[in-house]
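To start, the structure itself, in C-alpha cells.
Small disclaimer: the values here were computed from a predicted structure and weren't measured. Because only heavy atoms are used, hydrogens play no part in the values below, and waters and symmetry mates are left out as well, while side chains stay in. The sequence lines fix the lettering, A, B, ..., with proteins before strands; numbering per chain opens at 1.
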Number of protein chains: 2
Amino acid sequence: MSTAGPAPRRRMRADARRNYERLLTEAGAAFAERGTDASLEDVARRAGVANGTLYAHFPTRQALLEALLGDRMRALAGRAHELMDHPSPHEALLLWARAAVAHATAYRGLATSLMRAVEDETSELHAACRSVLDAGEHLLGRAQRAGVTREDATAADLYALVNSVAWAGEQTSAAQAERLLSFAMEGLRPLGTVRPARGR
Amino acid sequence: MSTAGPAPRRRMRADARRNYERLLTEAGAAFAERGTDASLEDVARRAGVANGTLYAHFPTRQALLEALLGDRMRALAGRAHELMDHPSPHEALLLWARAAVAHATAYRGLATSLMRAVEDETSELHAACRSVLDAGEHLLGRAQRAGVTREDATAADLYALVNSVAWAGEQTSAAQAERLLSFAMEGLRPLGTVRPARGR
DNA sequence: TGTTAAATCGAGACAGTCTCAATATCTTTT
DNA sequence: AAAAGATATTGAGACTGTCTCGATTTAACA
C-alpha cells in the first residue's frame, strides 16, 4: 500500500483521501482474489462508496493498477540498477528477471495489462512499464558487452519474455514458470559457446 | 471450416444444420477480427439467428472453439507423429513447436483458452488440447532419448512454452514470437554441451 | 455560521451472458 | 396431403458489468 497518494496539486479533502485509500485497499484485495478483471462495481461496493466515486478517482482500470503497483515497479527498476554491480552479468540478469516475473504474477491477468500498457502511451501504467523495460535494457546491455548473452536479444524481447513466463505461471504454477524462465534464460546465451553444466 | 459437424447421433434437421454452419462461419469471422472474447450476441446477430439458437448449438465459448479448431488441432497432433521420422530430433521439435505456435495464434486470446482447456476436463476443448500435448510429448521424448534436449523438460513445459510464445505474439508481433521461440528452444538443449553456432 | 469549491451519489443508458416457456418448423407416418 | 410427433427457434427477462453526469452533500476556511 503506497503512501504516495494521487499526485495532489493541492492537498486532498479528507473524505476524498479516505475514499481513495479505501478504494485502493479493496481493489488490491479484489484483484488478488479475482484477478485484474475483478468487477469495479464490486470494488466500490466493498469500499462502501458509489461507483461514480471510484471512477472519479481512477478513470480507468490501469489507473488503479498504477496506483497499486507504480511504487513496486519503480523499485524493480531500481533493483536493476543495483544489480549492475553484481560480479556476474548473466547471473544478475537472471536474478532480475526472476524478480520481474514475481512482480508480474502479483495478480492474475496482470501480465496482459503490463504488456498492453508498455505499448499504449495513453495508459496510466505506461511510464511505470517503460521504466521497467529500460532498467532491463541496462542489465541486458551489460551482459551482451560481457559476451555472455546473445547480441540479437533486445530489451523488448526481455520484457516480453518476462511477461510471457509470468503469464504461463498464472495459468499453471509458479514452479512451471520458474522452469520456463530457466530454459529461456539459458537460451539467451550466445550460440557457439560451451554452457556451464550448472545453470547458475 | 470443418465438414465434420456436431457429432450427430441422428441426422440433424435441415434448418438446424444450416444455422449451425452459419453460426460457425460468423463465429470464425468474429473471433478473427475481435479475438476469442468477441460478443456471442453479435455472432448470433450476424448469423441472422436469435442468441438462444447459438446457445442451443454451442453451450459454451469453448464448444465453439472446438467446432472451429478441433480438426486443425488433431491435424497438428498428426503432424507430430509424421515428424517422428525426421532425421534430426531437435529440428523436428523446433519445426513442430513453430507450427503449434502458428496454430495458437489463429485468434487473439486463443492461447489463454488453450491453456485453460488443457487443465479443465469439463471443457469441450479439453480432448483436442490433450491430443496436442500428447503429440508434443512424443517428439520431446525422442529428442531427450537422443540426448539433444534437457531431461528435466516435460510435455507440460513444452505445451506451456508454445502457448506463452503464442501469447507474446498476440500482444506484440509474430516476429518477436519467433525470436522468443528460438531462445526458448535453444534453452532446451542439455546443459554442459557445445551448441551449434547456427541455431539449426 | 455562511460560502464555496470539491467530492459523492446513484439513476440511467448501454452491452453482454445465459435461460426457458411459448411458438414455429421440419419429418415421418398414415 | 394432413396430422402427429419430434426438434429447433425465438426473444423477452433476469442478471452482471461499464461508464457518465446532473443533482446533492460535505469539508474547508474566512
Task: Qualifying salt bridge (Lys or Arg N to Asp or Glu O under 4.0 Å) pairs, either residue in residues 59-70 of chain A, two or more places apart - done: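 The answer is A:E66-A:R74.
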Task: Pairs satisfying salt bridge (Lys or Arg N to Asp or Glu O under 4.0 Å), at least one member in residues 172-185 of chain B, at least two apart - done: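 Pairs touching residues 172-185 of chain B that pass the test: A:D157-B:R179, B:R98-B:E178.
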Task: Within residues 112-122 of chain B: residues closer than 4.0 Å to DNA chain C (heavy atoms) - done: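 Of all residues in residues 112-122 of chain B, none places a heavy atom under 4.0 Å from DNA chain C.
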[X]: salt bridge (Lys or Arg N to Asp or Glu O under 4.0 Å) partners, not counting sequence neighbours:
| X | answer |
| --- | --- |
| A:R45 | A:D42 |
| A:R142 | none |
| B:D134 | B:R130 |
| A:E121 | none |

Length of the line joining [X]:[atom1] and [N]:[atom2], which is rounded to integer Å:
| X | N | atom1 | atom2 | answer |
| --- | --- | --- | --- | --- |
| B:R17 | D:dT9 | CZ | C1' | 18 Å |
| A:Y20 | C:dA6 | OH | C1' | 17 Å |
| A:E21 | C:dA7 | CD | P | 14 Å |
| B:R22 | D:dA8 | CZ | P | 16 Å |

- [ ] Output every pair passing ring-ring contact (aromatic ring centres under 6.0 Å, His included) with a member in residues 99-129 of chain A, not counting sequence neighbours, ordered by first then second residue.
- [x]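 For residues 99-129 of chain A, and leaving out neighbouring residues, the ring-ring contact (aromatic ring centres under 6.0 Å, His included) pairs sorted by first residue read A:F31-A:Y107.
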Open item on the list: Quick test of your reading: applying ring-ring contact (aromatic ring centres under 6.0 Å, His included), list the pairs with at least one residue in residues 136-166 of chain A, sequence neighbours left out, ordered by first then second residue.
Closed with: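 Qualifying pairs: A:H81-A:H138.
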Open item on the list: If I take atom CD from residue A:E170 and atom OG from residue B:S164, how far apart are they, to the nearest 0.5 angstrom?
Closed with: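 One finds 10.0 Å between CD of A:E170 and OG of B:S164.
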Between protein and nucleic acid, restricted to nucleotides 26-29 of chain C and to nitrogen or oxygen atoms under 3.5 Å apart, what atom pairs and distances do you find?
residue	atom	partner	partner atom	Å
C:dT27	OP1	B:A14	N	3.0

So, OP1 or OP2 of [N]: does either fall under 4.0 Å of a side-chain N or O from [X]?
| X | N | value |
| --- | --- | --- |
| B:R61 | C:dC18 | no |
| B:N19 | D:dT9 | yes |
| B:H57 | D:dT9 | yes |

Open item on the list: Closer than 3.5 angstrom, by distance alone: can the side chain of A:R46 be matched with the main-chain N or O of A:R22 as a donor-acceptor pair?
Closed with: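 Absent.
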- [ ] Please name all residues satisfying side-chain hydrogen bond (donor to acceptor under 3.5 Å, both in side chains) with B:E151, sequence neighbours left out, ordered by chain then number.
- [x]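 Partners of B:E151 under the side-chain hydrogen bond (donor to acceptor under 3.5 Å, both in side chains) test: none.
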Task: Interface residues of residues 35-55 of chain B with DNA chain D (non-hydrogen, below 4.0 angstrom) - done: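 Only B:V49, B:A50, B:N51, B:G52, B:T53 qualify.
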